[in-house]
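Hydrogens, waters and symmetry mates play no part in the numbers below; they use all other heavy atoms, side chains included.
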Amino acid sequence: MTITLRPATEADAPSIARIATAAFADSLSPLIFPRSQLATATVTEADLTADEITWRTSMYIKRMREGKPCVVAVEVDESTGEEKEILGSAHWQKPGPEEPEVLGVEVRPATYDKDMFAKVVERFTTKDKETLGPRGHEDYWYAILISVDPKQHRRGIGRKLLNWGLEHARKEGRDAYLTATDAGVPLYEVCGFESRETYDCYGVPLTSMVWRLDKNQQ
């Protein structure tokens with residue numbers, strides 16, 4: 001078996017969403033789909049997981065339609081060329097102004113906390129501008145979300161997904177930026193990112209990280 005990257009399609013969105021839901025189960029997910037709902041008799045952990053996958057599926061499709069590049073890491077049988085499964089994904093945003101939002105795609109299940117999600121986005125945006133200046137990440141290749149199936153760790157998948165965006169940054173003479181959970185910081189540091197600030201996002205520690213082209217010339 002070999003691992004390769006290819007552009008994601010909308011048909012991949014459910015698989016990507018399942019991976020992201022598992023990858024962020026102990027960090028950001030409980031903010032957006034609060035576990036306090038489990039205290040009721042009508043909501044189970046399985047309900048929250050299914051609802052999160054539904055929401056994430058719609059968000060991946062939405063970002064694709066907004067022109068944000070998404071790549072997937074897939075396992076391929078070398079003897080047949082058959083694709084076996086998706087192992088991870090990376091959603092990036094190119095430098096430049098934000099593209100117009102595509103409306104009518106996002107699905108918001110009843111267990112989704114839209115107010116908390118808005119607060120999290122606002123926190124990200126504020127920290128982006130504190131770290132990078134008033135234009136935020138507009139001049140950077142920005143990794144919106146990188147996720148790897150937790151069962152597939154230590155196979156170099158995250159590095160492949162990260163390097164896809166960094167190669168584009170190199171070709172365009174740009175720097176790159178991302179916000180990392182604690183689990184992702186070691187990989188990003190190995191790949192040349194520098195930590196700028198670790199801050200609290202409603203109980204979840206996050207780190208603003210910058211990759212500088214002039215410090216990562218090949």
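When the shell of 6.0 Å around NZ of Lys94 is examined, it contains 12 or fewer heavy atoms from other residues, nucleotides or ligands. More than 12 heavy-atom neighbours from other residues, nucleotides or ligands sit within 6.0 angstrom of CG on Asp77.
Under a 3.5 Å cut-off, the side chain of Arg35 and the backbone N or O of Glu45 do not form any donor-acceptor pair. Although no hydrogens or angles enter the test, the distance criterion places a donor-acceptor pair under 3.5 Å between the side chain of Thr40 and the main chain of Gln37. Side chain of Asp51 to main chain of Leu48: no donor-acceptor pair is present (N/O by atom type, distance under 3.5 Å, no hydrogens or angles). For the pair Thr2 (side chain) and Val76 (backbone), a donor-acceptor distance under 3.5 Å is absent.
In this view, Glu106 and Arg108 satisfy the salt bridge (charged side-chain N to carboxylate O under 4.0 Å, His left out) rule, not counting sequence neighbours. Applying the salt bridge (charged side-chain N to carboxylate O under 4.0 Å, His left out) test to Lys151 and every residue at least two apart in sequence or in another chain returns Asp149.
Here the straight-line distance linking atom CG of Asp139 with atom CG of Asp175 works out to 9.5 Å at 0.5 Å rounding.
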Could you give me the CA-CA distance, side-chain angles and deciding distance for Thr21 and Arg18, then say whether side-chain hydrogen bond (donor to acceptor under 3.5 Å, both in side chains) is met? CA-CA 5 Å; Thr21 297; Arg18 281 192 291 272; over 6 Å; no

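If you chain together hydrophobic residues whose side chains sit under 4.5 Å apart, Leu145 and Tyr140 fall into the same group.
Other residues sharing the hydrophobic cluster of Val105, ordered by chain and number and joined by side-chain separations under 4.5 Å: Ile61, Val102.
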